[in-house]
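Structure, as structure tokens:
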Amino acid sequence: MVVGVGQQEGQTQRAFGYAARDASGILSPFHFTRRSNGEDDITVKIHYCGVCHSDLHIIRDEHGISQYPIIPGHEIVGVVTQVGTNVDKFKAGDIAGVGSLVGSCGACDNCRDGLESYCPSPLYTCTMLEFEGQAKQYGGYSDIIVVNQHFAVCIPDGLYLPGCAPLLCAGITVYSPIRNLGLDQPGKHIGVVGLGGLGHLAVKFAKAFGAVVTVISSSEHKRMEATEQLGSDSFLVCHDSRQMQAAAGTMHGIIDTVSAHHPLKPLLDLLRTDGKLVMLGAPDLDKPAEIPLLPLLGRKYVTGSMAGGMKETQEMMDFAGKHNITANVEVIPMDYVNRAMDRLARGDVRYRFVIDIGSTLDQH
């Protein structure tokens, strides 16, 4: 039984969003229904929704498994408009956030340990596939969402709400390994590979923890934005052997956000003894990454990580509120979303698109 779902047959409320109907990925107006607000639920009027690269993958069926129609979106910020009788975490008028999960089994070891994102039976905010016994989930490119209070987080006062939306996915994805792998201590030297939606937030969180941060990129032209705009302490061009050799053995950890295949040995050479290379990108699964074994004999580790569970996501959001961390975003109207997807495919965004749902989602 997946917790977080309280739907009863026949009880629904009208909703509206933008959906893809086929592998062209073109998003267009779509009327559908949400479940009614249950005893443990909140209904959120969506104001902003971030555009994640995974949204592009699923609407264009880049994994070959998408089932349409699909409403993407799992970086959701909005206002609570209704609360169930058992809800004690929110009241009407509160600002709430919803990330990539809206349910989990609630019974496995991971769920009991607050690691819902590693549950073997997760219920994602927007689903590519329909499974027997589970209703299809439609995401945040829509006017409202109904969610169990457990799978929503409280947004601290004062944060820039459009920039807050990407924290629900990109933010927690980089925050979680920094915290769980002991890289959150002042003075740790952290490398960040890639300066996109994930990478720029990794720099911000690492600096807030007091780390020394080095951005590692294939593009020399990103040096200025890394050091002057985001505050990284240094910058390495990964194909410059002299720069890389000079930094060898200096880093306690590296957060690798790049999805494209790239050599890992140069990164492993940057690590100190007991250093950790954390893979966050998801490259083509048909072409496995090649991990050289010899560097690992120097007691170096290659690991991976996903978004954290709900307790950690709230912790991340509170930390962001304390340190005024938000994503650098380009806010777009709903009717620009297809052009934004094309730009995202080209990497033409600094660093995250966020849709202004509340002001621009027009049902007419």
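Just so you know, these numbers come straight off a predicted model, no measurement behind them.
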Side-chain ([X]) to main-chain ([Y]) donor-acceptor, under 3.5 angstrom:
X: K300; Y: P295; value: no
X: D55; Y: C52; value: yes
X: K188; Y: F209; value: no
X: Y160; Y: I325; value: no
X: H200; Y: G197; value: yes
X: S104; Y: C119; value: no
X: Q149; Y: F90; value: no
X: S217; Y: S219; value: yes

Around atom [atom1] of [X], are there more than 12 heavy atoms from other residues, nucleotides or ligands closer than 6.0 Å?
X: E39; atom1: CD; value: no
X: D348; atom1: CG; value: yes
X: R339; atom1: CZ; value: no

Salt-bridge contact [X]-[Y] (side-chain N to carboxylate O under 4.0 Å):
X: E220; Y: R223; result: yes
X: D269; Y: K265; result: yes
X: K89; Y: D94; result: no
X: D240; Y: R242; result: no
X: R60; Y: D342; result: yes

**Request:** Start with the C-alpha gap between V146 and Q82, add the side-chain angles, then the distance that decides, and say whether side chain to side chain contact (heavy atoms under 4.5 Å, CB included) holds.
**Result:** CA-CA 9 Å; V146 182; Q82 187 176 355; over 6 Å; no
Shared hydrophobic cluster, [X] / [Y] (ILVMFWY, side-chain heavy atoms < 4.5 Å):
X: V302; Y: M306; answer: no
X: Y138; Y: I65; answer: yes
X: I144; Y: I155; answer: no
X: V192; Y: M224; answer: no
X: Y118; Y: V102; answer: no

**Item:** Identified salt bridge (Lys or Arg N to Asp or Glu O under 4.0 Å) counterpart of E330 within the set R350, R343, R352
**Value:**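 Result for salt bridge (Lys or Arg N to Asp or Glu O under 4.0 Å) with E330: R343.
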Heavy-atom pair with the smallest gap, counting every atom of [X] and [Y]:
X: I58; Y: S66; answer: O-OG, 2.7 Å
X: G73; Y: C126; answer: N-SG, 3.8 Å
X: A340; Y: F353; answer: O-CE1, 3.3 Å
X: T173; Y: P177; answer: O-CD, 3.0 Å
X: G140; Y: I76; answer: CA-CD1, 3.6 Å
X: C108; Y: P120; answer: SG-CD, 3.7 Å

**Asked** Passes side chain to side chain contact (heavy atoms under 4.5 Å, CB included), Y351 versus V329? Steps please.
**Response** CA-CA 6 Å; Y351 293 96; V329 300; over 6 Å; no
Polar side chain donor-acceptor pair, [X] to [Y], under 3.5 angstrom:
X: R21; Y: S28; result: yes
X: E315; Y: Y175; result: yes
X: N86; Y: D40; result: yes
X: T214; Y: H189; result: yes
X: S36; Y: Q13; result: no
X: H262; Y: D256; result: yes

With heavy-atom distances below 4.5 Å as the criterion, would you say the side chains of [X] and [Y] are in contact?
X: S142; Y: F16; result: no
X: L271; Y: K276; result: no
X: I357; Y: Y48; result: no
X: L181; Y: Y301; result: no
X: T303; Y: M279; result: no
X: T125; Y: Q137; result: no
X: F235; Y: K222; result: yes
X: I95; Y: V77; result: yes

Quick one: [atom1] on [X] to [atom2] on [Y], what's the gap to the nearest 0.5 Å?
X: L115; Y: K311; atom1: CG; atom2: NZ; result: 10.0 Å
X: H323; Y: L159; atom1: NE2; atom2: CG; result: 11.5 Å
X: Y124; Y: L101; atom1: OH; atom2: CG; result: 6.5 Å
X: E312; Y: I172; atom1: CD; atom2: CD1; result: 4.5 Å
X: E116; Y: S100; atom1: CD; atom2: OG; result: 10.5 Å
X: M244; Y: L236; atom1: CE; atom2: CG; result: 6.0 Å

**Prompt:** Given P162, which of T326, D356, V354 fulfils the side chain to side chain contact (heavy atoms under 4.5 Å, CB included) condition?
**Reply:** V354
**Message:** If you apply the rule side chain to side chain contact (heavy atoms under 4.5 Å, CB included), what do you find for V79 with H47, and how did you get there?
**Reply:** CA-CA 7 Å; V79 175; H47 282 203; 3.6 Å; yes
**Request:** Evaluate side chain to side chain contact (heavy atoms under 4.5 Å, CB included) for V44 paired with I42, printing each intermediate quantity in order.
**Result:** CA-CA 6 Å; V44 177; I42 61 172; 3.8 Å; yes
**Asked** Where does the angle between the aromatic ring planes of F30 and F32 fall among parallel (under 30°), tilted (30 to 60°) and perpendicular (over 60°)?
**Response**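 F30 and F32: parallel rings.
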